[in-house]
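Heads up: the structure comes next, in structure tokens.
No experiment lies behind these values; they were computed from the predicted model shown.
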Amino acid sequence: MRGNQKGVTLIELIVALALVSVVAIIGWTAISIGMQHGATETNRTILQQDANLMISSLMAAHRGSHEYSIIFDDDQLKIESCTEDRICETNNISGKYDFTGTIVNNVPVVRSPGTPVIFDGLFPKEEHTEITLTITDLNNPKRTLTIETTLSRLLTSQN
């Protein structure tokens, strides 16, 4: 550019636009990766919270019932709790998950479409219940969580 002229040359404008484009692309990539990571962590947290809720509900049924049944029906987990007076109540305690891989008292849950898998006659005053709960997100089969626990309370039966 000559000494007495004001303005920018075409070359300076192209270089400036190229630098701004590079910075914008780097920024957009960082934001995109952050959003994907955030969504993945949110889904993982939801899966863990649902599994914790299921285990808490199973523990509550084990500790508060005379007898109960665990029912795996159409990708849902249900509990039927009964009092000593044989008053029973069934509660759905999960969303839609695949429970393949779940084991209750060393018996695996084997899915059969349209047929519920029922573990009945669980008497918490007589025996503990061993559970390996495996849940898989139906929308993303790669997202699986397994929790091993023992449902227990004071055993009071007379043998």
Side-chain angles (χ1 to χ4, degrees), residues 20-159:
V20 168
S21 297
V22 167
V23 170
I25 289 171
I26 290 171
W28 181 256
T29 302
I31 290 172
S32 176
I33 290 171
M35 290 174 59
Q36 289 174 352
H37 182 69
T40 300
E41 288 302 313
T42 299
N43 290 333
R44 182 179 298 149
T45 301
I46 290 170
L47 188 68
Q48 287 175 334
Q49 288 175 338
D50 284 350
N52 288 338
L53 177 63
M54 289 179 221
I55 292 295
S56 295
S57 298
L58 289 167
M59 285 182 180
H62 187 83
R63 292 183 177 154
S65 303
H66 174 69
E67 175 185 358
Y68 68 99
S69 300
I70 301 172
I71 305 163
F72 297 93
D73 185 18
D74 291 331
D75 301 324
Q76 294 185 356
L77 176 58
K78 300 176 183 180
I79 300 174
E80 182 179 64
S81 305
C82 300
T83 64
E84 288 185 43
D85 301 332
R86 297 294 301 154
I87 298 171
C88 299
E89 178 182 351
T90 302
N91 293 313
N92 184 4
I93 63 166
S94 77
K96 296 272 188 176
Y97 288 104
D98 179 4
F99 293 98
T100 302
T102 297
I103 301 170
V104 178
N105 288 336
N106 297 318
V107 178
V109 172
V110 179
R111 288 182 49 181
S112 177
T115 305
V117 178
I118 302 173
F119 295 91
D120 58 352
L122 299 171
F123 294 94
K125 291 182 179 179
E126 297 175 9
E127 64 184 358
H128 302 304
T129 302
E130 303 275 337
I131 292 185
T132 302
L133 179 67
T134 301
I135 60 172
T136 303
D137 188 348
L138 294 174
N139 297 323
N140 185 353
K142 293 180 181 178
R143 195 171 298 127
T144 298
L145 182 68
T146 300
I147 298 175
E148 292 182 37
T149 191
T150 300
L151 305 179
S152 63
R153 76 186 231 190
L154 184 62
L155 299 178
T156 58
S157 67
Q158 301 292 328
N159 290 337

> Could you walk me through whether Leu138 and Asp75 pass the side-chain contact (heavy atoms from CB on, under 4.5 Å) check?
Replying inline: CA-CA 9 Å; Leu138 294 174; Asp75 301 324; 3.8 Å; yes
> Should Met54 and Asp50 be marked as a side-chain contact (heavy atoms from CB on, under 4.5 Å) after you check the CA-CA gap, both sets of side-chain angles, and the distance that decides it?
Replying inline: CA-CA 6 Å; Met54 289 179 221; Asp50 284 350; 4.2 Å; yes
> How about Thr144 and Thr134: do any of their side-chain heavy atoms sit closer than 4.5 Å?
Replying inline: yes
>> Measuring from atom CD1 of Ile135 to atom CG of Leu145, what distance do you get when rounded to the nearest 0.5 angstrom?
In response: 5.5 Å
> Judged by modelled atom types alone, do Thr100 and Asp98 share a side-chain donor-acceptor pair under 3.5 Å?
Replying inline: yes
>> I need the single residue from His62, His66, Glu67, Glu84 that forms a side chain to side chain donor-acceptor pair (under 3.5 Å) with Lys125. Which is it?
In response: Glu84
>> Could you go through Val110 and Val117, starting from their C-alpha distance and side-chain angles, then the distance that decides it, and tell me whether this counts as side-chain contact (heavy atoms from CB on, under 4.5 Å)?
In response: CA-CA 7 Å; Val110 179; Val117 178; 5.7 Å; no
> Roughly how far, to the nearest 0.5 Å, is the CG atom of Leu47 from the CZ atom of Arg143?
Replying inline: 7.5 Å
> Nearest 0.5 Å, what's the OH-OG1 distance between Tyr97 and Thr136?
Replying inline: 10.0 Å
> Side chain of Ser65, backbone of Ala61: donor and acceptor closer than 3.5 Å?
Replying inline: yes
> How long is the span from the OG1 atom in Thr150 to the CD atom in Glu130, to the nearest 0.5 Å?
Replying inline: 3.5 Å
> Looking at Ile93 and Leu53, what are the two nearest heavy atoms and their distance?
Replying inline: O-CD2, 4.5 Å
>> What's the separation between atom CD1 in Ile131 and atom CG in Leu122, rounded to the nearest 0.5 Å?
In response: 8.0 Å
> Taking atom OG of Ser57 and atom CG of Asn91, what is their separation to the nearest 0.5 Å?
Replying inline: 8.0 Å
> What is the minimum heavy-atom distance between Ser81 and Tyr68, and which atoms define it?
Replying inline: CA-CB, 4.1 Å
> For Phe119, which of Val109, Asn105, Thr102, Ile71 qualifies under side-chain contact (heavy atoms from CB on, under 4.5 Å)?
Replying inline: Val109
>> Working note: Ile118 + Glu80, criterion side-chain contact (heavy atoms from CB on, under 4.5 Å); need CA distance, chi angles, decisive distance, verdict.
In response: CA-CA 10 Å; Ile118 302 173; Glu80 182 179 64; over 6 Å; no
> For Ile87, does its backbone N or O pair with a side-chain atom of Asp85 as donor and acceptor, under 3.5 Å?
Replying inline: no
